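This structure is a prediction, so every number in the text was calculated from the model and none was measured. One-based numbering, in listed order, for ligands and for the atoms of each.
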Amino acid sequence: MRPSVLDPIFAPVTTLDGVGPKLATLLQTLLAGQTHTVRVRDLLFHAPSGLIDRRRRGEVATAPEGVISTLTLRIDRHLAPGRASSQPYRVFAADETGEIALTYFRAQPQWMEKLLPVGETMLVSGRVEWFNGRPAMVHPDFVAPIAEAETLALVEPVYPLTAGLSAKVLRKAIGQALAKAPALPEWIEPSVVKKRSFPGLNEALAGLHDPRDEADLAPLSAPRSRLAYDELLAGQLALALSRQRMKAARGRAFAATGAISRTLRAALPFALTPGQEKALAEIAADMAKDDRMLRLLQGDVGAGKTVVALLSMAIAAENGAQSVLLAPTEILARQHHAGLSKYCEAAGVALVLLTGRDTGRTRATKLAMLADGRAQIVVGTHAVFQEGVEYDDLGLVVVDEQHRFGVQQRLSLTRKGRSPDLLVMTATPIPRTLVLAAFGDMDVSRLEGKPAGRKPITTVALPLERLSDVVARAEKAMAAGDRLYWVCPLVEESEKSDLMAAEERFRQLSERFGDRVGLVHGRMSGEEKDAAMADFKAGRTQLVVATTVIEVGVDVPDASIIVIEHAERFGLSQLHQLRGRVGRGSKPSSCVLLYRAPLGEVATARLQIMRETEDGFRIAEEDLRLRGEGDLLGTKQSGIPAFRLASLEHHADLMEIARDDARLILATDPDMVSPRGEALRVLLYLFGKDEAVRLLRSG
Ligand code: ADP
Ligand code: MG
């Protein structure tokens, strides 16, 4: 249960004065969207993006056009419009340098005379505009007698807004939210507070909403750093708790005997690369311990992770335990099954493919094999974890291409079986800070290098006007026996036009190349997709027009050219993934990025980076830089938390500290029952990590 101290800020925003249902709806849109019901807390965490500084006083003659100026003016005369006139009410005022008109539409003369009494010297602030050499200020933001000026807010924060919401109303609501912020016990380690000179939470919140100058808006300002740390600590603690929970269940010691892996290795048409051997050795060492394995295997596209997974699963099999290889899509599950089956057959390992497509008798037969232990390795989609799927003795779960799985799913993966070891494989080379953000303290193996003999991929970027050249080149390549992917644009607004683009391109290319052209897209049935991919793999088609369904993991080593239409619409990581479909065989490969001109700045940078490098790690880092951490892996799919206050770009060092601190906390107080543990529970709730608190025995 959420501690009651938090009640005032977890109350609905309508508990604030002047916030009715209409304003609440706007705040919902602005602050919470679809994620949760907006609460007072969300106002506290809504950071200003700028400030209006009215302290710098100006003079009429030199007040710049369109800029907010604060002027000291003597009020000279009022000019009220005639009753029927559409003219504004004008007040003429001046300083030594000149005269300015303060204009008000629909003003009440009486009220105006009280606001700006003739003869008085006033402080007037607002945007100055020049008309025909005469300055005017329409509806000054504020006016005050010079004597009272000091008491007024001369610096005001500027917040991101949403249509229909005024800055003034939002500022007022935030002010009220601040007044409701309860005093909470400090949860940050005293030495960290001291070393970083962190203000207390409420002081930090007050500071966040009261920037005095540009420096206060910087991510590294004291209030922002403190709040970022709070958020990162909450995240790391939540991850550490789930890790503690997963590790608590004792794992099992699987000793690699080599009985099965020797035969498997003998069946492989290649020797493992040193990088593969190293990763495998790390995995084997984990599996040999009776701690539970929680390991992330990072390896660039085409680095050869699958065979590492296979040999890891062989270790489980050598110990009489079953393994699951979980793929994000049906296509990938089938591909893995097809790829592994030749080796498994040679080694006499029973391999079963289980996907959502299995029904009736086949499904029943397969389930029986899983339940009685005949199936040693199960390859499949998330169907392998559905209800009713029982394992005799599940010892290892391998998740392929994890970035399609959320954190929640990852936790539920290991519920089957007796706390199986977990190996998560990702082709997206995630920068370290993101690994921490998404996985917390997971052990990481980096699969370095690529299988020998890979040729570099030549990448070119061409404007769409050169389409006919590209088609001519495709024709030549096909005549020489090459195979090509042709990826069609992702149109965000509508899945339908996405599809239409692919179908249209398919039609055009088919006209030219006949039945050597195939088509695969997300709306096709599983069987149709398989058939299209199988045709391409076997060379019955030489060119396959595809939507991004081929993005992840598809392995057709003979394909050597990929054309990506509207490359400007893809993110860097996605382009890298797509390009990774080629360059897998011994042929030199190429990638053609077709774009529609003119290119924006970011798109230009992306295409440039694609031309410069094939290094997935560098690409991931550039991607992080270009678009911010929010969407590196596609937040929606990845379960990578979107931060409100922290920024991975700026607070990476705080992330490391938070990780270490979280680890230390749980090492000394695993149930979080000490006073600091109690304080940290409040922190978890504050950042909505209720799930994590539930993982505590005494939560
Ligand atoms: P990814 O890491 O992207 O999942 P895959 O496991 O699909 O990569 O491997 C890519 C290709 O490289 C496959 O065709 C695979 O058979 C091949 N491969 C893997 N390891 C080696 C190796 N040591 N030597 C040669 N080819 C390899
Ligand atoms: Mg793969």
Side-chain angles (χ1 to χ4, degrees), residues 261 264-283 295-314 325-329 331-346 351 377 379 398-405 423-430 444-457 483 485 533-534 536-539 550-560 562 573-589 591 614-617 619-620 633:
S261 54
L264 279 175
R265 278 174 184 261
L268 293 176
F270 47 74
L272 296 200
T273 64
Q276 285 169 321
E277 292 289 4
K278 181 164 165 278
L280 189 60
E282 287 166 358
I283 292 164
R295 186 168 282 278
L296 182 69
L297 176 61
Q298 271 192 3
D300 204 352
V301 187
K305 294 180 291 295
T306 318
V307 63
V308 175
L310 174 64
L311 292 170
S312 309
M313 296 191 288
L325 173 57
L326 181 59
T329 64
I331 290 189
L332 265 190
R334 281 175 194 273
Q335 177 184 292
H336 278 322
H337 180 257
L340 299 184
S341 59
K342 6 180 221 286
Y343 312 137
C344 286
E345 258 161 47
L351 177 73
I377 296 181
V379 175
V398 182
V399 183
D400 191 19
E401 312 291 358
Q402 74 45 230
H403 64 279
R404 296 284 155 139
F405 292 95
L423 178 66
V424 177
M425 305 199 294
T426 173
T428 311
I430 319 173
V444 179
S445 288
R446 182 84 69 77
L447 181 46
E448 310 269 6
K450 291 203 176 173
R454 294 279 165 82
K455 301 270 187 336
I457 304 170
R483 258 172 271 168
Y485 294 101
M533 286 312 295
F536 184 59
K537 200 157 188 160
I550 61 144
E551 179 187 343
V552 170
V554 169
D555 185 39
V556 179
D558 289 332
S560 58
I562 184 163
S573 291
Q574 211 178 4
L575 288 173
H576 178 64
Q577 288 288 341
L578 286 168
R579 182 170 60 181
R581 297 312 111 218
V582 299
R584 305 188 143 233
S586 47
K587 275 189 192 170
S589 298
C591 168
E614 267 187 71
D615 177 350
F617 206 78
I619 288 176
L633 307 179

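Close approach of ligand 1 to T273 (heavy-atom distance below 4.0 Å) involves ligand atoms 23 (N). Proximity to R584 (heavy-atom distance under 4.0 Å) selects the following atoms of ligand 1: 3 (O), 7 (O), 10 (C). The ligand atoms of ligand 1 that sit less than 4.0 angstrom from a heavy atom of P451 are 18 (N), 20 (N), 21 (C), 22 (C), 24 (N), 25 (C), 26 (N), 27 (C).
Close to ligand 1: G302, with a non-hydrogen atom less than 4.0 angstrom away. For the pair A271 and ligand 1, a heavy-atom separation below 4.0 Å is found.
A donor-acceptor distance shorter than 3.5 angstrom exists from the side chain of D300 to the backbone of G616, with no hydrogens or angles considered. In this structure a side-chain-to-backbone donor-acceptor pair under 3.5 Å is present from K305 to G299.
When the heavy atoms of T306, L272, V556 are ranked by distance to atom 4 (O) of ligand 1, first place goes to T306.
Looking only at atom types and distance, the side chain of S445 has a donor-acceptor partner in the side chain of R295 under 3.5 Å away.
Here the closest heavy-atom approach between residue E614 and residue R579 is recorded as CA-NH2, 3.6 Å.
Between Y343 and ligand 1, no N or O atom pair is found at a separation short of 3.5 Å.
Contact check on R265 versus E277 returns a salt bridge, with a Lys/Arg side-chain nitrogen under 4.0 Å from an Asp/Glu carboxylate oxygen.
Interatomic distance, CG of L578 versus CD1 of I562, reported as 5.0 Å (0.5 Å rounding).
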